[in-house]
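Data first, discussion second: the structure below is written as structure tokens.
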Amino acid sequence: MIKVITYGTYDLLHYGHIRLLERAKALGDYLIVGVTADDFDKTRGKINVQQTLMERVEAVKATGIADEIIIEEYEGQKIDDIKRYGVDIFTVGSDWVGTFDYLNEYCKVVYLDRTQGVSSTEIRSEKGNIRLGIVGEGPLVTKHIDESCFVNGLEISAICSLSDNIKDVAKRKNIVICSNYNDLLKKCDAVYVVSHPEKHYEHIKQALENNKHVLCESPMSLSNADCTELFKYAKDKQLILMETVKTAFATAYNRLMLLVKSGKIGEVTSIEATCTSMRDLNKSISPDYSKIWNSICAWGPTALLPVFQILGTEYCQKKTVTRLIDEKHQFDAFTKVDFIYNESVASIKVGKGVKSEGNLVISGTKGYVYVPAPWWKTDYFEIRYENPVENKRYFYQLDGEGIRYELVSFCKAIKTGKPDSYVGEKITQAITTVMEDFYSHKDVTFIK
Ligand code: CTP
């Protein structure tokens, strides 16, 4: 009996896939099909897959061509599979010519002609490109422009920005530059809002009024009432309104959350998160504090994310200590917020113009998680125990600081009509409460 094996993602199964499977089967008597798992696809740069692994497996099964279906989960697995299943022929489409020649050592390698004119990528884009407009300033704008190239079905159609640097980048990339926000709204289906937090409410409201979906950099708003109103308005109009913190989309950060929630370090007793930077302040001798994000807005949402995701949003007490360097614009160079929960505590330290070790420590009754600085761009963390022999290190590739996954997630939310669950409404509201209390000086102590 001649055993044949082939691998693929098989997203939105199409005619090209079926022809490949039929010809693969015809090469022998028994066909094994390896369907790639989401994680493995991500590490090889395929981030836009629309169907879940189970849906893709079911689709391959439904063709009735495969005799056996397996999951491909790791680099190098092909060699293991060929040996384990006693495979005689390995085959894939001609788009891979040469890539798998190394398998000749273990079995025969056959490249089959790829069917012209059809691919999962094309089918994904056929559903129509989402035209994303960007309003705002800062390095996140150019990062989003760069990262959008990795996202199928999304194009940056226009920008509206005060920054000359951003306008230059847009010009180079042939992105339309709009001199006012109304014009921008005419040239897009969705908007990414990264303007100054004080402008967020107005920008989001106007976008929703014009039937545009919104992705907004956290904090979404500085007032809880505004936040509730915006969410309700978006729901009524069946539009997606999603707050974002890029760290929430980093694979390592997500795995870390799952490990903590599954009890790896026991019951969580304390969380300490620090995020600081010197940027902006160094650039100019007398900065315009009305234009730059203060510490609590720039770093607060990121630092608050693990606190609210792990301990929840129902804390008993919150105390804030802050050092304002510009009272008029409420510009804090450094702020520390302490939370007391029923059975745990948390503390965040944020700074712009103050530098500290930017790590994250989550302490539990069995052990603790340590994420080294800068933890918000995390690709690596450790779980440490009393007995160092039990310590474990985890590493996950971080592509584009999480931004490309954030954009994929936003597109998916628009296409399915279901809001994404990475940050979530409850956490958005809790972050907004911290902001509102800061600006209204509720439980805030000032230091000089
Ligand atoms: N394939 C093919 N003809 C096509 C598309 C795919 O023969 N028109 C083959 C590929 O060469 C591979 C298998 O089908 O052997 C699974 O490919 P996969 O990567 O899942 O499909 P694509 O349509 O190429 O997906 P994408 O556009 O996401 O790269």
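Atoms within a ligand are numbered from 1 in the order they appear, just like the ligands themselves. Keep in mind that what you see is a predicted model, and the values were worked out from it rather than measured. We count residues from 1, following the sequence as given.
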One line per pair, note the atom names and distance for all nitrogen or oxygen contacts under 3.5 Å between ligand 1 and the protein.
residue, atom, partner, partner atom, Å
ligand 1, 3 (N), Thr115, N, 3.2
ligand 1, 8 (N), Thr115, O, 2.8
ligand 1, 8 (N), Val118, O, 2.6
ligand 1, 11 (O), Gly93, N, 3.2
ligand 1, 11 (O), Asp95, OD1, 2.6
ligand 1, 15 (O), Gly93, N, 3.0
ligand 1, 19 (O), Lys46, NZ, 2.9
ligand 1, 20 (O), Thr9, N, 2.9
ligand 1, 20 (O), Tyr10, N, 2.9
ligand 1, 20 (O), His17, NE2, 3.4
ligand 1, 21 (O), His17, NE2, 2.8
ligand 1, 23 (O), His14, NE2, 2.9
ligand 1, 23 (O), Ser120, N, 2.7
ligand 1, 23 (O), Ser120, OG, 3.2
ligand 1, 24 (O), Arg114, NH1, 3.0
ligand 1, 24 (O), Arg114, NH2, 3.2
ligand 1, 25 (O), Lys46, NZ, 3.4
ligand 1, 25 (O), Ser120, OG, 3.4
ligand 1, 27 (O), Ser120, N, 3.4
ligand 1, 27 (O), Thr121, N, 2.8
ligand 1, 27 (O), Thr121, OG1, 2.4
ligand 1, 28 (O), Lys46, NZ, 3.2
ligand 1, 28 (O), Thr121, OG1, 3.4
ligand 1, 28 (O), Arg124, NH2, 2.9
ligand 1, 29 (O), Lys46, NZ, 3.3

* **Ring centres under 6.0 angstrom apart (Tyr102, Phe90)** => no
* Would you list the pairs meeting salt bridge (Lys or Arg N to Asp or Glu O under 4.0 Å) in which at least one residue belongs to residues 175-190, sequence neighbours left out? => Arg131-Asp189, Asp183-Lys186
* Asked: Taking the six-membered ring for Trp, is the centroid-to-centroid distance between His203 and His200 below 6.0 Å?
  -> no
* **Any donor-acceptor pair under 3.5 Å from Asn129 side chain to Glu155 backbone** => no
* Asked: Do other residues, nucleotides or ligands put more than 12 heavy atoms under 6.0 Å from the NZ atom of Lys415?
  -> yes
* Counting only heavy atoms not in Arg84, do more than 12 sit closer than 6.0 Å to its CZ atom? -> yes
